[in-house]
Amino acid sequence: MGEAEQAEQPRRRARGGGGAARRASRSAVSFETARFIERNIPNLDILHDEALEIIETNVETVLEEIGVMFVENPAALERWRAAGADVKGERVHIPRGLARELVKTAPSKFTQIARNRARDVEIGGNSLVLAPVYGPPFVTDLKGGRRYATMADFEMFVKLGYMSKWLHHSGGTVCEPTDVPVNKRHLDMLYAHMTLSDKPYMGSVTDPSRAVDSVEMSKILFGADVVAENTVMTSLININSPLTFDSTMMGALEVYAEAGQASIISPFIVGGAMAPVSVAGTLTQCLAEGLAGVAYSQLVKAGSPAIMGAMVTSIDMNSGAPTFGTPETSQITYGMGQLTRRLGLPYRSSGSFTGAKIPDAQAGYETANSLNMGLLSGVNFMLHSCGWLEGGLASSPEKFVLDADQLGALHKIAEGVAVDENAQAMGALREVGPGGHFLGCEHTQDNYQSAFWRSGVLDYKPYETWAEDGSRSSFELAALKVDKMLSEYQQPALDPAINEALQAYIADKKAAMPDAFI
């Protein structure tokens, strides 16, 4: 599709008319989604002032003396040179204070809008936005075991995400659909997020041209004027640790920054392999990489939204396998939260991390540690918050609904402790007195429906009832929950003219290039 044809897309959208949009809105079926979390609890700060200052000083030394690589990207090197960096080959040496000065133009918080504006999310400040698993090539479920993911699997996860109350965001590559050509699958994935859900979503980053497609399709969905004035996408820009920024990721970042769309700039570090084994050393590298990446986004376009990321695991020194839910990972995540807040940037980290192969006890322990770590470290955007298995190699529908259910507990904890007149319960204490019980008192009757958070998946039955019902494990209960959710799914309404325009864009793009599976 040429530039002139692309320019026609907003007009094609308008021909649907206001009547069609209003009819679609009236017929829409909506599932309850909780508002993004706003913390009323303090963050856990584990680094004292001296430690913070030591790490920040060491970061400036790394950026100036060691430098960072921007490979196969002459335009990036020229931007850095013009900003005052010392560029030697493809290595950029950033003078002390320059990166820190550049990131000041990045917003401390911003709103990503959804096509259902009731589901807009605020990223930054005291907020926590929860998004699902991202990137696995495999799917694991109770019925079929482990297999390569397909587009049907991808659509299933988008539907589950749309119907999950505690999940605020539809995410991006919830699994990698290997039955669709590599150079075309991003179109189908974006279309699924745009049509099967009305929550916010992420754009493609596997090639700069695919980032362009993400922007153009978003213009069809929202209107070009809306995209020009609002953040409608986030994107995941990974850094090749240690200290290397490749042309594919930076090319995608450039597209999104120029369009005013958000980028999560995040190293994916396996400690001991891609960073030092010490917590302080990893924090130094992680902050140096993130600081350089966010600074570069501001060189592309000052004021473009950016999120500082930290995706860090430890390593099993016997096997070399990444490990999750470990104390060192928590220390790094807490520390990066403090360092990121000192920069005034939104923070991305944490998730439902586990190395387990199925949703078993290992998965539960490691995931609980990781989710609570994210809540207490001040994370603003939590990717991988549900569905992650096998160190990120597999997405699991059962794990997805188990994790998404537990996200409700994070909402409850983040509320803090109420001390208003009702919460003080002095009337109940007087009414019951010594030796009584509170089951029938007025305060309990007034509050019992909302008093305690309750899982929508886990089993609370007495042993005898549980046994009569089939002695089901949480894995089996989650599989039943998945089936129930999918049977009740109803697609959110979309203006037919917009849907037609999206399909036409995808068809034109696919017809213009041969299939490629590498």
Side-chain angles (χ1 to χ4, degrees), residues 28-44 114 116-122 125-132 160-169 197-200 350 352 364 367-368 371-376 378-380 382 385-386 400-433 436-462 465-466 469 474 477-478 480-482 484-485 488-490 492:
V29 175
S30 182
F31 293 90
E32 182 182 7
T33 297
R35 192 171 185 269
F36 59 87
I37 291 174
E38 293 183 89
R39 292 180 181 83
N40 290 312
I41 58 174
N43 299 311
L44 178 56
N116 179 349
R117 294 301 304 274
R119 291 175 176 160
D120 292 358
V121 294
E122 187 176 283
N126 289 324
S127 71
L128 171 55
V129 175
L130 302 168
L160 292 175
Y162 169 57
M163 297 182 68
S164 296
K165 176 179 179 179
W166 306 111
L167 196 64
H168 315 120
H169 204 282
S197 174
D198 60 10
K199 294 181 179 181
S350 192
S352 61
T367 294
L371 291 178
N372 282 296
M373 169 186 76
L375 177 66
L376 297 177
V379 166
N380 300 117
M382 186 189 292
S385 69
C386 58
F400 193 105
V401 300
L402 285 166
D403 294 339
D405 176 70
Q406 288 298 302
L407 298 180
L410 299 190
H411 283 73
K412 185 66 175 180
I413 295 169
E415 289 177 5
V417 178
V419 290
D420 58 13
E421 185 175 352
N422 179 65
Q424 292 175 44
M426 290 302 295
L429 291 165
R430 290 189 177 97
E431 178 184 344
V432 173
H437 69 77
F438 291 84
L439 291 175
C441 78
E442 182 179 359
H443 184 266
T444 300
Q445 295 303 307
D446 289 343
N447 290 279
Y448 75 93
Q449 290 182 315
S450 60
F452 304 116
W453 176 81
R454 183 178 175 88
S455 169
V457 182
L458 302 182
D459 183 274
Y460 297 117
K461 302 183 185 77
T465 307
W466 170 77
D469 287 346
S474 58
L477 291 171
L480 293 173
K481 179 73 171 181
V482 169
K484 184 175 187 296
M485 292 175 70
E488 294 175 350
Y489 171 82
Q490 296 185 52

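We number each residue from 1, following the sequence as shown.
- Every residue was checked against the salt bridge (charged side-chain N to carboxylate O under 4.0 Å, His left out) condition with E431, not counting sequence neighbours, and none meets it.
- W453 has its side chain within reach of Q406: a pair of non-hydrogen atoms, C-beta onward, lies under 4.5 Å apart.
- Annotation for S127 and E122: closest pair OG-O, 2.7 Å, computed over non-hydrogen atoms.
- Taking the side chain as every heavy atom from C-beta outward, F438 and H443 never approach each other to under 4.5 Å.
- Side chain of S164 to backbone of W166: no donor-acceptor contact under 3.5 angstrom is found.
- With rounding to the nearest 0.5 Å, the separation of CG in N447 from CD in E442 is 10.0 Å.
- For the atom pair OG1 (T444) and CD (Q449), the distance works out to 12.5 Å, reported to the nearest 0.5 Å.
- Rounding to the nearest 0.5 Å places CD1 of I37 at 4.5 Å from CG of L128.
- In this structure, K199 contributes its side chain and L167 its backbone to a donor-acceptor pair below 3.5 Å.
- The shortest side-chain heavy-atom distance between R39 and L375 falls under the 4.5 Å cut-off.
- The minimum heavy-atom distance linking V457 with V401 is given by the pair CG2-O, 4.0 Å.
- Other residues, nucleotides and ligands contribute more than 12 heavy atoms inside 6.0 Å of the OH atom of Y460.
- Side chain of S352 to backbone of D403: no donor-acceptor contact under 3.5 angstrom is found.
- Put simply, the side chain of L458 does not reach to within 4.5 Å of the side chain of L477, judged on heavy atoms.
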Side-chain donor-acceptor distances from residues 407-416 under 3.5 Å, at least two apart:
unit_1	atom_1	unit_2	atom_2	d
H411	ND1	L407	O	2.9
H411	NE2	H168	NE2	2.9

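- K481 is not listed as a side-chain neighbour of D405, based on a closest heavy-atom distance of 4.5 Å or more.
- Atom CZ in R117 sits 12.5 Å away from atom CG in D198 (nearest 0.5 Å).
- When side chains are defined from C-beta on, V482 does not count as touching M485, because their heavy atoms never get closer than 4.5 Å.
- The salt bridge (charged side-chain N to carboxylate O under 4.0 Å, His left out) analysis of residues 446-459, with sequence neighbours excluded, yields the pairs D459-K461.
- Considering every non-hydrogen atom in both S350 and V379, the closest pair reads CB-CG2, 4.3 Å.
- Taking a 6.0 Å sphere around CD of Q445, one finds it holds more than 12 heavy atoms contributed by other residues, nucleotides or ligands.
- A donor-acceptor pair is defined here as one N or O able to donate and one able to accept, closer than 3.5 Å; no such pair exists between the side chain of N380 and the backbone of V129.
- Scanning both residues, A418 and A423, for their nearest heavy atoms gives O-CB, 3.3 Å.
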